[in-house]
Amino acid sequence: MTWNIPLFKMYWDQDDLTAVTNTLSSGMNWAVGPEVSQFEQELSEYIGTKYCLTFNSGTSALHAALLAYDIGKGDEVIVPSFTFIATANSSLFVGARPVFADIEEQTLGLNPEDVLEKITHQTKAIIPIHYGGCPCMIRELREIADDHNLILIEDAAEAFGASINGEKVGTFGDSAMLSFCQNKIITTGDGGAMVTNSRDLYEKMKLIRSHGRLETADYFSSCDTMDYVTLGYNFRLSNIAASLGRAQLRKVEAVIKMRKEIALQYMKQFKDLQKTVIPLTAPDNYSHVYQLFSARVQERNQLMAYLTKKGIMSKVYFSPVHHTYYYRDVLQYTSSLQVTEKISDEIISLPLYPGMPEEDVRYVGSAIHEFYESNGTLNG
Ligand SMILES: Cc1ncc(COP(=O)(O)O)c(C=O)c1O
């Protein structure tokens, strides 16, 4: 379907085109090359960690991290169900069991109290997400992880550039995953990364990323025969994608500023719908980067149908993972997560992207007003 107003659009400029064209026209290093290591260095500088390793998706980044931490059979990993399924699946990839904890209502991230309830002697790690660009209660989760000797891996797929008191998301965990899929804050089409201060983790993930190969030099331009010392995958980000990532990173602050401005415009429009449309707002000192503009609304499904009629795309981020066919019927999860289930019934994500014209934001706002006015539920 073509939408009058899509949910998201990529933000790109001449710098992106030049960067990719330069890599292509060099006629070399399309898979592996110097853009990758430069992108990694720039990412670690931006986030504020010692190491960064790129991957061909956020999902493969998480997969590699769990393997590198030696998480596997018999281990439990506490995750939200209010997330994209890859957060939970990463545990299944390595034979561990994802254990769902509930979320709290302010940031819609993992509820530290429920995480405490879910810890058993098998728990090895916690993987919280920063929902839609809003940092979760990560400092509280850090304390819990420290007290219980657990690994804390931030799933920061949606929150590139978000921070608490100026400290970037991605620096609170023992490691953090970033995603560069097309709907994220910066994008390489598909792509991801892990950031960490642990040299050991970095070295292990590096082997896993590329076939378990001990690389003494660039594999493709070296005559050396290299040894394979562990089981590995091809999880590499291409050099072409990395050149795009570097160009995207150069404008990330402007992109975040635009996202925040559009979120503010929405907030203003919803001021008179206080009990009907409740946008997610970050706590003080939290910098929310609005990868999503999400709100809790009344009559969510009818509203979505109305917006669709107007050519406005909206989406439910997220339906609970434990309600999917795979988790419920195949894996037989019977979790009951009150807040997750309630929020999933009320949440809607509205169009937001850098460069979205103010008149389009107004069009979405007016359509929502029209819907509630015609239903007589304004502030009901
Ligand atoms: C919270 C969350 N975790 C994991 C992922 C997976 O990232 P990717 O699509 O880069 O594999 C995404 C993005 O789709 C996400 O939003």
Other residues, nucleotides and ligands only: do more than 12 of their heavy atoms fall within 6.0 Å of CG on Asn234? yes
Inspect the surroundings of CE in Met28 and state if more than 12 heavy atoms from other residues, nucleotides or ligands are less than 6.0 Å away. no
Step through the shown structure and confirm whether more than 12 heavy atoms of other residues, nucleotides or ligands are within 6.0 Å of NZ on Lys251. yes
Just by distance, do the side chain of Gln248 and the backbone of Thr187 share a donor-acceptor pair under 3.5 Å? yes
Quick one, Asp360 with Tyr353, criterion side chain to side chain contact (heavy atoms under 4.5 Å, CB included). Give me CA distance, side-chain angles, the key distance, then yes/no. CA-CA 11 Å; Asp360 285 2; Tyr353 47 89; 4.1 Å; yes
Indicate, with yes or no, if the rings of Phe180 and Phe39 have centres closer together than 6.0 Å. yes
Side-chain donor-acceptor contact under 3.5 Å, Thr340 with Asp102: yes
In terms of heavy-atom contacts, does NZ of Lys315 have more than 12 from other residues, nucleotides or ligands at under 6.0 Å? no
Work out which heavy atom in Met356 is nearest to a heavy atom in Leu352; give both atom names and the distance. SD-CA, 3.8 Å
Crowding at NZ, Lys342 (>12 non-hydrogen neighbours, <6.0 Å): yes
Cluster overlap Met10 with Val252, hydrophobic side-chain contacts below 4.5 Å: no
Plane angle bin for Phe82 and Phe318 - parallel if under 30°, tilted between 30 and 60°, otherwise perpendicular: perpendicular
Any side-chain heavy-atom pair of Ser198 and Tyr51 under 4.5 Å: no
Do Leu141 and Met194 share a hydrophobic cluster (ILVMFWY, side-chain heavy atoms under 4.5 Å, transitive)? no
Do the side chains of Leu67 and Leu231 get nearer than 4.5 Å, heavy atoms only? no
For Leu178, does its backbone N or O pair with a side-chain atom of Lys184 as donor and acceptor, under 3.5 Å? no
If the condition is salt bridge (Lys or Arg N to Asp or Glu O under 4.0 Å), which residues does Asp15 pass it with, not counting sequence neighbours? Arg250
Would you indicate whether the side-chain heavy atoms of Val297 and Arg300 approach each other to under 4.5 Å? yes
Would you find a donor on one side and an acceptor on the other, under 3.5 Å apart, between the side chain of Gln291 and the backbone of Asn183? yes
Indicate, with yes or no, if Met226 and Ile208 share a hydrophobic cluster defined by side-chain heavy-atom contacts under 4.5 Å among Ile, Leu, Val, Met, Phe, Trp and Tyr. no
Ser81-Tyr327 side chain donor-acceptor pair, cut-off 3.5 Å: no
Arg213 and Tyr228 side chains, donor-acceptor separation under 3.5 Å: yes
Would you check, one step at a time, whether the test side-chain hydrogen bond (donor to acceptor under 3.5 Å, both in side chains) holds for Tyr219 with Ser210? CA-CA 10 Å; Tyr219 176 78; Ser210 194; over 6 Å; no
Modelled atom types, side-chain donor and acceptor of Ser44 and Thr49, under 3.5 Å: no
Straight-line distance of Asn197 CG to Lys50 NZ, nearest 0.5 Å: 5.5 Å
Carefully, step by step, assess Asp70 and Lys124 under the rule salt bridge (charged side-chain N to carboxylate O under 4.0 Å, His left out). CA-CA 10 Å; Asp70 203 20; Lys124 196 96 183 260; 5.5 Å; no
Set out, in order, the CA-CA distance, both residues' side-chain angles and the distance that settles salt bridge (charged side-chain N to carboxylate O under 4.0 Å, His left out) for Lys309 and Glu370, then state yes or no. CA-CA 13 Å; Lys309 264 201 250 157; Glu370 273 160 35; over 6 Å; no
Could you verify whether a donor N or O on one side chain and an acceptor N or O on the other, from Ser287 and Lys260, lie under 3.5 Å apart? yes
Under 3.5 Å, is there a donor-acceptor pair between the side chain of Arg259 and the main chain of Val289? no
State whether a side-chain donor-acceptor pair under 3.5 Å links Asn375 with Gln302. no
What are the two closest non-hydrogen atoms of Thr87 and Leu62, and how far apart are they? CA-CD1, 4.1 Å
Taking atom CD of Glu45 as the centre, report whether more than 12 heavy atoms of other residues, nucleotides or ligands fall under 6.0 Å from it. yes
Can you give me the closest heavy-atom contact between Leu307 and Ala367, atom names plus distance? CD2-CB, 3.9 Å
Residue pair Leu108 / Ile347, side-chain heavy-atom distance below 4.5 Å: yes
Between the main-chain N or O of Asn111 and the side-chain N or O of Glu104, is there a donor-acceptor pair closer than 3.5 Å? no
Is it true that a side-chain atom of Asp114 and a backbone atom of Ala101 form a donor plus acceptor pair closer than 3.5 Å? no
Using 4.0 Å as the upper bound for N to carboxylate O, is an ion pair formed by Glu167 and Arg142? no
Checking Tyr372 against Gln298: is there a side-chain donor and acceptor pair closer than 3.5 Å? no
Is the closest basic N to carboxylate O distance between Glu203 and Arg199 below 4.0 Å? yes
Atom CD of residue position Gln41 - does it have more than 12 heavy atoms of other residues, nucleotides or ligands inside 6.0 Å? no
Is a donor on one side and an acceptor on the other found under 3.5 Å between the side chain of Glu154 and the backbone of Gly170? yes
Okay, side chain of Tyr363, backbone of Lys310: is any donor-acceptor separation there less than 3.5 Å? yes
Is the distance between the ring centroids of Phe55 and His63 less than 6.0 Å? no
Side-chain (Gln332) to main-chain (Asp329) donor-acceptor, under 3.5 angstrom: yes
Without swapping roles, check the side chain of Thr23 against the backbone of Ala19 for a donor-acceptor pair under 3.5 Å. yes
Go through the steps to decide whether Ile262 and Tyr290 satisfy the test side chain to side chain contact (heavy atoms under 4.5 Å, CB included), and finish with yes or no. CA-CA 9 Å; Ile262 294 162; Tyr290 292 98; over 6 Å; no
Answer with yes or no whether the side chains of Tyr306 and Ser374 bring together a donor and an acceptor at under 3.5 Å. no
Ignoring hydrogens and geometry beyond distance, is a side-chain donor-acceptor pair present between Tyr46 and Glu253 at under 3.5 Å? yes
